[in-house]
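All heavy atoms count here, side chains included; hydrogens, waters and symmetry mates do not. When a residue number appears, it is its place in the shown sequence, counting from 1.
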Amino acid sequence: MEYLKRTAIGLMALTVVGTGLSVSLSVAAPEAAVAKARKKKVSARKNNIVRVAQKDGSYTTLIEAINKAGLAGTLAAGGPFTVFAPSNAAFAKLPKSEVEELLSDRDKLREVLKYHVVKGRVSAEDLAQKRSIPTLQGEFLMIDSKDDGGTIVVDGAIVTKPDIKAGNGIIHEIDFLLVPERGK
């Protein structure tokens, strides 16, 4: 195998002599490709969904909920995921006592948060072509597209900021907290 690598690399070096023109082509060593892949993986971990949401500052209640539910590790290291992220303004639409009750019930909180997450990277453009999408919680989110895809509605919540890129997925900010049907 090592012989084949050396031969291939040797054949890749080409010199045109006689015209005074010298052309060379080099191939990166396999170690360089591995290092590049590692660097990309580290970058994805640094810019994961949780960190991107934390940096934004509009999702402090959501981040608190993710931490209390024990989902921070999954959303930081796993994926790719698409998260429909209720902003602080979305949580503020609910009575404070309801938010506090949800934050204190870990099992219910996990179900509600998993209802906001789907597997894979699903852009707003992709959402506009769908009618429903399965969540990590197990139920489906109903998708509606208005204004020729300009406005996306997910289970009645409007996507207010689409396609926020993260290393391990995409975040779509929504204007209301979604609740699974079984949880109502």
Mark yes or no for whether Glu139, through its side chain, and Glu181, through its backbone, hold a donor-acceptor pair below 3.5 Å.
yes

Asn168 side chain to Gly79 main-chain N or O, any donor-acceptor pair under 3.5 Å?
no

Which atom of [X] lies closest to which atom of [Y], heavy atoms considered:
| X | Y | value |
| --- | --- | --- |
| Ala69 | Arg106 | O-NH2, 3.3 Å |
| Met142 | Ser132 | SD-CB, 4.0 Å |
| Glu125 | Gln129 | O-CG, 3.5 Å |
| Val52 | Ile171 | CG1-CD1, 4.0 Å |
| Pro86 | Leu177 | CG-CD1, 3.8 Å |
| Leu75 | Asn48 | O-CB, 4.3 Å |

Under the criterion side-chain contact (heavy atoms from CB on, under 4.5 Å), I'd like the reasoning laid out for Asp107 against Asp105: C-alpha separation, chi angles, the key distance, then a yes or no.
CA-CA 6 Å; Asp107 291 336; Asp105 184 347; 4.0 Å; yes

Checking side-chain contact (heavy atoms from CB on, under 4.5 Å) for the pair Val112/Gln137: CA distance, chi angles, key distance, verdict?
CA-CA 8 Å; Val112 169; Gln137 182 264 352; over 6 Å; no

Is it true that His172 and Phe84 have ring centroids separated by less than 6.0 Å?
yes

Nearest-0.5 Å distance, [atom1] of residue [X] to [atom2] of residue [Y]:
| X | Y | atom1 | atom2 | result |
| --- | --- | --- | --- | --- |
| Ile158 | Phe176 | CD1 | CZ | 11.5 Å |
| Thr61 | Leu94 | OG1 | CG | 10.0 Å |
| Lys130 | Ser145 | NZ | OG | 13.0 Å |
| Tyr59 | Gln54 | OH | CD | 13.0 Å |
| Lys161 | Asp56 | NZ | CG | 4.0 Å |

Scan side-chain atoms only and decide if Asn88 and Ser58 contain a donor-acceptor pair under the 3.5 Å cut-off.
no

Quick check: is [Y] connected to [X] through a chain of hydrophobic side chains (ILVMFWY, heavy atoms under 4.5 Å apart)?
| X | Y | value |
| --- | --- | --- |
| Val153 | Leu127 | no |
| Ile170 | Val122 | no |
| Ile49 | Ile164 | yes |
| Tyr115 | Phe140 | no |

Partner of His116 under side-chain contact (heavy atoms from CB on, under 4.5 Å), chosen from Val154, Ile174, Leu141, Val179:
Ile174

Working for side-chain contact (heavy atoms from CB on, under 4.5 Å), residues Ile143 and Ile152:
CA-CA 7 Å; Ile143 311 295; Ile152 305 292; 4.2 Å; yes

Using side-chain contact (heavy atoms from CB on, under 4.5 Å), reason through Leu113 and Leu62 one step at a time and then give a plain yes or no.
CA-CA 9 Å; Leu113 291 177; Leu62 177 62; 3.7 Å; yes

Would you say Thr82 and Val117 make side-chain contact, with heavy atoms under 4.5 Å?
no

Answer yes when Arg121 and Asp126 have at least one side-chain N-carboxylate O distance shorter than 4.0 Å, and no when they do not.
no

Take atom NZ of Lys114 as the centre, draw a 6.0 Å sphere, and report whether it contains more than 12 heavy atoms from other residues, nucleotides or ligands.
yes

